[in-house]
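What follows is a short report on a single structure.
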Amino acid sequence: MVLKIATWNVNSLNVRLPHVLQWLADAQPDILALQETKLIDEKFPQAEIEAAGYHSLFSGQKTYNGVAILSKQPGTDVIKDIPGLADDQRRVLAATYGEVRVLDLYVPNGESVASDKYQYKLDWLDKLIAFIKVELNRHPKLVVLGDFNIAPDERDVYDPLVWEGKVLCSEPERTALQDLLATGLHDSFRLFEQEEKQFSWWDYRMAAFRRNRGLRIDHVLLSTALRERCKRCYIDKAPRKWERPSDHTPVVVELMS
DNA sequence: ATGGCGCGCGCAGCGCGA
């Protein structure tokens with residue numbers, strides 16, 4: 001048996017619900033973590049998702065942010081905040097599915113390295129790392145996935161010179177991601193030999209997708225106990241080719257269960 | 001060299017994303 005787990009920043013679930021339902025039908029994931037739903041909980045399309053055979057957990061707000069986890073089996077032990085981080089922004093959702101703990105993240109973008117939002121991003125990542133140390137002790141079988149808004153290294157950037165030192169690629173952000181991995185997590189994409197120039201996000205402008213001018217900023221991180229069970233990690237570019245797509249596309253892992 | 005799109009909100013055009 002294979003457990004299929006995916007992450008997708010949908011850039012408005014209101015607009016992208018048909019895409020999500022289509023992708024659920026096509027890919028049949030066991031768990032799909034969403035980011036940027038941009039919906040208050042009262043407007044979450046729970047009935048439509050249930051009709052597709054999926055349970056849902058969600059933590060949303062108006063206009064911005066918002067995370068959700070869709071799953072074939074219901075989740076338990078739900079957390080909607082990093083403990084000790086009082087934050088109105090809905091960026092965190094954790095739940096347990098059988099023996100696997102899932103932590104869905106929408107990491108702050110940061111805007112630019114000179115921005116207050118960039119400092120907020122680095123502080124947020126510090127708090128996250130402290131939380132993950134605790135979470136890994138409680139749940140050795142941990143998946144941390146989502147939109148990290150960090151391209152881990154040069155392989156993850158279409159033109160490293162253009163992006164050098166810029167937000168999403170700056171050294172402090174990359175160091176924070178390395179510190180996060182050092183708690184005992186592994187970038188599932190890099191567990192395997194991969195083709196070059198594979199990305200999970202492409203700007204809507206400049207025909208960036210057609211020219212493959214993208215970044216790999218959406219990740220599925222696995223604890224050591226789950227790394228051994230990971231058979232595959234791939235980026236599914238198909239939804240990025242659909243009409244009116246999100247600028248991100250799903251990243252998928254398959255675990256032996 | 002710059003900006004170029006798409007979203008929500010709300011009804012014009014701006015803030016935001018990455």
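The chains referred to below are lettered A, B, ... by the order of the sequence lines, with proteins before strands, and numbering in each begins at 1.
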Q) To the nearest angstrom, how far is A:Arg216 atom CZ from B:dA18 atom P? A) 16 Å

(Q) Could you tell me how far B:dG10 sits from B:dG15 if I compare only their C1' atoms? Round to whole Å. (A) 14 Å

Q) Taking OP1 and OP2 of B:dG17, is either one under 4.0 Å from a side-chain nitrogen or oxygen of A:Arg205? A) no

Q: Scan A:Tyr106 against the nucleic acid and name what it touches under 4.0 Å (heavy atoms): base, sugar-phosphate only, or nothing.
A: sugar-phosphate

Q. What's the shortest heavy-atom distance between A:Trp242 and A:Pro245, and which atoms?
A. O-CD, 3.2 Å

Q) What integer distance in Å separates A:Gln61:CD from B:dG8:P? A) 14 Å

**Q.** Heavy-atom closest contact (A:Ala95 atom, A:Leu57 atom, distance)
**A.** CB-CD1, 3.5 Å

Q: Figure out the CG/P separation between A:Asp203 and B:dC16, and round it to whole Å.
A: 17 Å

(Q) Under 4.0 Å, heavy atoms only, any strand: does A:Arg213 hit a base, just the sugar-phosphate, or nothing? (A) nothing

Q: Considering non-hydrogen atoms only, spot the tightest contact between A:Phe148 and A:Lys121 and give its length.
A: O-CE, 4.3 Å

Q | Any A:Asn9 side-chain N or O less than 4.0 Å from OP1/OP2 of B:dA18 | A | yes

Q.
Among B:dG8, B:dC16, B:dA18, which nucleotide has an atom closest to any side-chain atom of A:Tyr64?
A. B:dC16

**Q.** Spacing between A:Glu111 atom CD and B:dC14 atom P, to the nearest angstrom
**A.** 16 Å

Q: Rounded to whole angstrom, note down the P distance from B:dG17 over to B:dA12.
A: 26 Å

Q. To the nearest angstrom, how far is A:Glu36 atom CD from B:dG15 atom P?
A. 18 Å

(Q) Using a heavy-atom cut-off of 4.0 Å across all strands, would you classify A:Asn109 as base, sugar-phosphate, or nothing? (A) base

Q) A:Leu13 has an atom CG; how far is it from atom P of B:dG17, in whole Å? A) 19 Å

Q) Using a cut-off of 4.0 Å on non-hydrogen atoms, how would the nucleic acid contact of A:Val167 be classed: base, sugar-phosphate, or nothing? A) nothing

Q) How far apart are the C-alpha atoms of A:Phe58 and A:Leu34, what are their side-chain angles, what is the distance that settles it, and do they pass the side-chain contact (heavy atoms from CB on, under 4.5 Å) test? A) CA-CA 9 Å; A:Phe58 38 88; A:Leu34 303 177; over 6 Å; no

Q) Can a side chain N or O of A:Arg16 be found less than 4.0 Å away from OP1 or OP2 on B:dC7? A) yes

Q. Using atom C1' of each nucleotide, how far apart are B:dA18 and B:dG3 to the nearest Å?
A. 15 Å

Q: Go through the steps for A:Leu136 and A:Ser223 under the test side-chain contact (heavy atoms from CB on, under 4.5 Å), then give the verdict.
A: CA-CA 8 Å; A:Leu136 263 174; A:Ser223 63; 3.6 Å; yes

**Q.** Below 4.0 Å: OP1/OP2 of B:dC7 and any side-chain N or O of A:Asn11
**A.** no

**Q.** Residue mapping more 5' on DNA chain B - nearest nucleotide basis, A:Thr63 or A:Val107
**A.** A:Thr63

Q: Look at all strands and tell whether A:Lys166 reaches a base, only sugar-phosphate, or nothing, counting heavy atoms closer than 4.0 Å.
A: nothing

Q: Assign A:Lys117 to base, sugar-phosphate, or nothing according to its heavy-atom contacts below 4.0 angstrom with the strands shown.
A: sugar-phosphate

**Q.** Listed nucleotide nearest any side-chain atom of A:Tyr204, set B:dA18, B:dC9, B:dC5
**A.** B:dC5

Q. So which one's nearest nucleotide on DNA chain B is more toward 5', A:Met206 or A:Asp247?
A. A:Met206

Q | Separation between the P atoms of B:dT2 and B:dG6, rounded to whole Å | A | 23 Å

Q) What interatomic distance, in whole Å, is found between C1' of B:dG4 and the corresponding atom of B:dC9? A) 23 Å

Q) For residues A:Trp23 and A:Asp236, is any side-chain donor paired with an opposing acceptor at under 3.5 Å? A) yes

